[in-house]
Amino acid sequence: MSKKILVISSSFRQGSNSDMMADRFIEGAAEAGCDTEKVTLYDKGIAFCEGCLACQNIGHCIIEDDAVEIVEKMLHADIIVFAAPVYYYSIPGQLKTMLDRANPLFSLDYQFRQIYFLTCAAENEEYTPSGAKTAIQGWVDCFEQAEFCGTVFAGGVTAPGDIEGHPALLQAYELGKSLG
(Lines give C-alpha, C1' and ligand atoms only; values in the text may rest on other atoms or scores of the structure.)
Protein backbone atom coordinates (compact mmCIF):
# COMPACT_ATOMS: atom_id res chain seq x y z
CA MET A 1 0.00 0.00 0.00
CA SER A 2 1.40 3.38 -0.97
CA LYS A 3 2.10 6.08 1.57
CA LYS A 4 -0.42 8.90 1.69
CA ILE A 5 1.37 12.25 1.68
CA LEU A 6 -0.33 15.59 2.33
CA VAL A 7 1.58 18.70 1.27
CA ILE A 8 0.34 21.97 2.77
CA SER A 9 1.66 24.97 0.87
CA SER A 10 1.21 28.20 2.79
CA SER A 11 2.55 30.99 0.60
CA PHE A 12 -0.02 33.58 -0.42
CA ARG A 13 1.79 34.09 -3.74
CA GLN A 14 0.69 31.68 -6.46
CA GLY A 15 3.73 30.20 -8.18
CA SER A 16 5.92 31.17 -5.23
CA ASN A 17 9.32 29.64 -4.61
CA SER A 18 8.09 27.49 -1.71
CA ASP A 19 5.14 26.36 -3.84
CA MET A 20 7.57 25.34 -6.58
CA MET A 21 9.51 23.33 -4.00
CA ALA A 22 6.27 21.62 -3.00
CA ASP A 23 5.55 20.74 -6.62
CA ARG A 24 9.01 19.23 -7.12
CA PHE A 25 8.64 17.24 -3.90
CA ILE A 26 5.28 15.92 -5.14
CA GLU A 27 6.84 14.93 -8.47
CA GLY A 28 9.44 12.83 -6.67
CA ALA A 29 6.93 11.29 -4.27
CA ALA A 30 4.50 10.44 -7.08
CA GLU A 31 7.33 8.88 -9.08
CA ALA A 32 8.12 6.73 -6.03
CA GLY A 33 4.51 5.49 -5.98
CA CYS A 34 3.19 7.63 -3.14
CA ASP A 35 -0.37 8.92 -3.06
CA THR A 36 0.08 12.69 -2.88
CA GLU A 37 -2.29 15.59 -2.33
CA LYS A 38 -1.46 19.28 -2.19
CA VAL A 39 -3.49 21.84 -0.28
CA THR A 40 -2.74 25.52 -0.78
CA LEU A 41 -3.71 28.01 1.90
CA TYR A 42 -3.77 31.10 -0.34
CA ASP A 43 -7.37 30.45 -1.39
CA LYS A 44 -8.71 29.20 1.95
CA GLY A 45 -10.68 30.95 4.65
CA ILE A 46 -9.14 29.98 7.98
CA ALA A 47 -10.14 31.81 11.15
CA PHE A 48 -8.01 32.09 14.25
CA CYS A 49 -8.34 29.43 16.95
CA GLU A 50 -10.56 30.69 19.76
CA GLY A 51 -8.84 28.57 22.41
CA CYS A 52 -12.13 27.10 23.63
CA LEU A 53 -10.75 23.52 23.53
CA ALA A 54 -14.17 22.13 22.56
CA CYS A 55 -12.32 20.16 19.88
CA GLN A 56 -10.70 18.03 22.58
CA ASN A 57 -14.14 16.77 23.62
CA ILE A 58 -15.97 16.56 20.29
CA GLY A 59 -13.07 15.67 17.95
CA HIS A 60 -13.45 18.62 15.57
CA CYS A 61 -13.35 22.39 15.62
CA ILE A 62 -16.56 24.32 16.21
CA ILE A 63 -15.50 26.99 13.70
CA GLU A 64 -16.91 26.04 10.31
CA ASP A 65 -14.37 27.06 7.68
CA ASP A 66 -11.75 25.52 5.38
CA ALA A 67 -9.53 24.44 8.28
CA VAL A 68 -11.96 21.65 9.21
CA GLU A 69 -11.46 19.87 5.87
CA ILE A 70 -7.68 20.36 5.99
CA VAL A 71 -7.48 18.91 9.50
CA GLU A 72 -9.45 15.87 8.28
CA LYS A 73 -6.87 15.38 5.50
CA MET A 74 -4.05 15.73 8.05
CA LEU A 75 -5.67 13.09 10.26
CA HIS A 76 -5.50 10.46 7.50
CA ALA A 77 -2.08 11.30 6.02
CA ASP A 78 0.94 9.08 6.69
CA ILE A 79 3.31 11.96 6.03
CA ILE A 80 2.70 15.72 6.23
CA VAL A 81 4.91 18.18 4.40
CA PHE A 82 4.69 21.90 5.10
CA ALA A 83 5.95 24.30 2.42
CA ALA A 84 6.37 27.91 3.46
CA PRO A 85 8.44 31.02 2.94
CA VAL A 86 10.38 32.37 5.90
CA TYR A 87 8.74 35.59 7.15
CA TYR A 88 10.78 37.55 9.68
CA TYR A 89 12.76 34.40 10.52
CA SER A 90 9.65 32.35 11.29
CA ILE A 91 6.68 30.77 9.54
CA PRO A 92 4.01 32.92 7.89
CA GLY A 93 0.89 33.73 9.90
CA GLN A 94 -1.40 31.67 7.68
CA LEU A 95 0.60 28.51 8.46
CA LYS A 96 0.71 29.29 12.19
CA THR A 97 -3.06 29.79 12.15
CA MET A 98 -3.51 26.44 10.37
CA LEU A 99 -1.27 24.69 12.92
CA ASP A 100 -3.32 26.18 15.76
CA ARG A 101 -6.54 25.05 14.11
CA ALA A 102 -5.15 21.50 13.86
CA ASN A 103 -5.62 21.20 17.63
CA PRO A 104 -8.43 18.59 17.24
CA LEU A 105 -5.77 16.13 16.06
CA PHE A 106 -4.23 16.03 19.53
CA SER A 107 -7.07 13.93 20.95
CA LEU A 108 -7.62 11.79 17.83
CA ASP A 109 -5.93 8.68 16.46
CA TYR A 110 -3.90 10.58 13.86
CA GLN A 111 -2.13 8.54 11.21
CA PHE A 112 0.86 10.79 10.42
CA ARG A 113 4.26 9.78 11.72
CA GLN A 114 6.66 11.85 9.62
CA ILE A 115 6.72 15.62 9.14
CA TYR A 116 8.93 17.46 6.64
CA PHE A 117 9.44 21.16 5.96
CA LEU A 118 10.24 22.86 2.65
CA THR A 119 11.18 26.50 3.06
CA CYS A 120 12.85 29.41 1.32
CA ALA A 121 13.86 32.98 2.01
CA ALA A 122 15.51 36.02 0.50
CA GLU A 123 18.25 35.69 3.10
CA ASN A 124 20.86 33.04 2.42
CA GLU A 125 22.53 32.58 5.81
CA GLU A 126 22.58 29.08 7.29
CA TYR A 127 20.65 30.26 10.37
CA THR A 128 17.85 31.88 8.33
CA PRO A 129 15.32 29.00 8.59
CA SER A 130 16.08 28.16 12.24
CA GLY A 131 13.13 30.11 13.72
CA ALA A 132 10.73 28.62 11.18
CA LYS A 133 12.06 25.11 11.87
CA THR A 134 11.60 25.73 15.62
CA ALA A 135 7.94 26.66 15.02
CA ILE A 136 7.33 23.43 13.07
CA GLN A 137 9.26 21.39 15.65
CA GLY A 138 7.14 22.88 18.44
CA TRP A 139 3.96 21.71 16.70
CA VAL A 140 5.38 18.24 16.01
CA ASP A 141 6.51 17.88 19.63
CA CYS A 142 2.84 17.93 20.67
CA PHE A 143 2.26 14.65 18.82
CA GLU A 144 4.06 11.77 20.55
CA GLN A 145 3.87 9.42 17.57
CA ALA A 146 5.16 11.96 15.03
CA GLU A 147 8.71 12.96 14.21
CA PHE A 148 10.16 16.03 12.49
CA CYS A 149 12.25 14.30 9.85
CA GLY A 150 13.91 17.06 7.89
CA THR A 151 14.01 20.39 6.12
CA VAL A 152 14.97 21.52 2.65
CA PHE A 153 15.97 25.20 2.56
CA ALA A 154 16.43 27.48 -0.45
CA GLY A 155 18.14 30.73 0.48
CA GLY A 156 18.69 33.74 -1.73
CA VAL A 157 15.30 33.59 -3.48
CA THR A 158 12.86 36.49 -3.36
CA ALA A 159 10.64 36.98 -6.39
CA PRO A 160 8.48 34.11 -7.67
CA GLY A 161 10.61 31.95 -9.94
CA ASP A 162 13.95 32.96 -8.41
CA ILE A 163 14.30 29.34 -7.28
CA GLU A 164 14.69 28.07 -10.87
CA GLY A 165 18.00 26.21 -11.02
CA HIS A 166 18.47 26.30 -7.23
CA PRO A 167 19.82 23.02 -5.77
CA ALA A 168 16.91 22.95 -3.28
CA LEU A 169 14.50 22.02 -6.09
CA LEU A 170 16.46 18.85 -6.75
CA GLN A 171 16.75 18.21 -2.99
CA ALA A 172 12.95 18.52 -2.62
CA TYR A 173 12.45 16.13 -5.56
CA GLU A 174 14.93 13.61 -4.15
CA LEU A 175 13.32 13.82 -0.71
CA GLY A 176 9.93 13.05 -2.20
CA LYS A 177 11.36 10.20 -4.24
CA SER A 178 13.03 8.70 -1.15
CA LEU A 179 9.73 8.27 0.67
CA GLY A 180 8.29 5.59 -1.62
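Residue numbers run from 1 in the order of the sequence given.
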Heavy atoms, side chains only, cut-off 4.5 Å: are [X] and [Y] in contact?
X	Y	result
Met98	Val71	yes
Gln145	Tyr110	yes
Ile115	Glu147	no
Leu179	Ile5	yes
Val68	Glu72	no
Cys52	Ile62	yes
Leu41	Ile46	yes
Arg113	Ile79	no

To the nearest 0.5 angstrom, please state how far the [atom1] atom of [X] sits from the [atom2] atom of [Y].
X	Y	atom1	atom2	result
Met20	Asp23	CE	CG	8.0 Å
Asn103	Leu53	CG	CG	6.0 Å
Thr158	Glu123	OG1	CD	7.5 Å
Lys177	Glu31	NZ	CD	4.5 Å
Ile136	Leu95	CD1	CG	5.0 Å
Tyr42	Ser11	OH	OG	10.0 Å

Does [atom1] belonging to [X] count more than 12 external heavy atoms closer than 6.0 Å?
X	atom1	answer
Glu126	CD	no
Glu64	CD	no
Glu69	CD	no
Asp109	CG	no
Phe106	CZ	no
Lys38	NZ	yes

> After noting the C-alpha distance and the side-chain angles of Phe25 and Val81, does the key distance pass the side-chain contact (heavy atoms from CB on, under 4.5 Å) rule?
Replying inline: CA-CA 9 Å; Phe25 172 89; Val81 179; 3.5 Å; yes
>> Ignoring hydrogens and geometry beyond distance, is a side-chain donor-acceptor pair present between Asp19 and Ser9 at under 3.5 Å?
In response: yes
Please check if the side chain of [X] supplies one atom and the backbone of [Y] the other of a donor-acceptor pair under 3.5 Å.
X	Y	value
Ser2	Gly180	no
Thr119	Ala84	yes
Thr97	Gln94	no
Ser90	Tyr87	no

Ignoring hydrogens, what is the shortest heavy-atom contact between [X] and [Y]? Give both atom names and the distance.
X	Y	value
Asn17	Gly161	OD1-N, 3.2 Å
Pro104	Gly59	CB-O, 3.9 Å
Arg13	Pro160	NH1-CD, 3.6 Å
Ala172	Leu118	CB-CD2, 4.3 Å
Val7	Ile26	CG2-CG1, 3.8 Å
Leu169	Ile163	CD1-O, 3.4 Å

>> Quick check on the 6.0 Å ring-centre criterion: do Phe112 and Phe143 meet it?
In response: yes
>> Quick one, Tyr89 with Tyr127, criterion side-chain contact (heavy atoms from CB on, under 4.5 Å). Give me CA distance, side-chain angles, the key distance, then yes/no.
In response: CA-CA 9 Å; Tyr89 297 94; Tyr127 64 83; 3.9 Å; yes
Is [Y] reachable from [X] through a run of hydrophobic residues whose side-chain heavy atoms are each under 4.5 Å from the next?
X	Y	answer
Ile70	Tyr116	no
Leu6	Phe148	yes
Leu108	Ile8	yes
Leu175	Phe117	no

> Step by step, would you call Cys120 with Met21 a side-chain contact (heavy atoms from CB on, under 4.5 Å)?
Replying inline: CA-CA 9 Å; Cys120 58; Met21 289 177 74; 4.2 Å; yes
> Using 30° and 60° as the class limits, which term best fits the ring planes of Trp139 and Phe82: parallel, tilted or perpendicular?
Replying inline: perpendicular
Charged N to carboxylate O below 4.0 Å: is that the case for [X] and [Y]?
X	Y	result
Glu37	Lys73	yes
Glu27	Arg24	yes
Asp65	Arg101	yes

>> Using side-chain contact (heavy atoms from CB on, under 4.5 Å), reason through Lys44 and Val39 one step at a time and then give a plain yes or no.
In response: CA-CA 9 Å; Lys44 303 291 188 271; Val39 172; 4.2 Å; yes
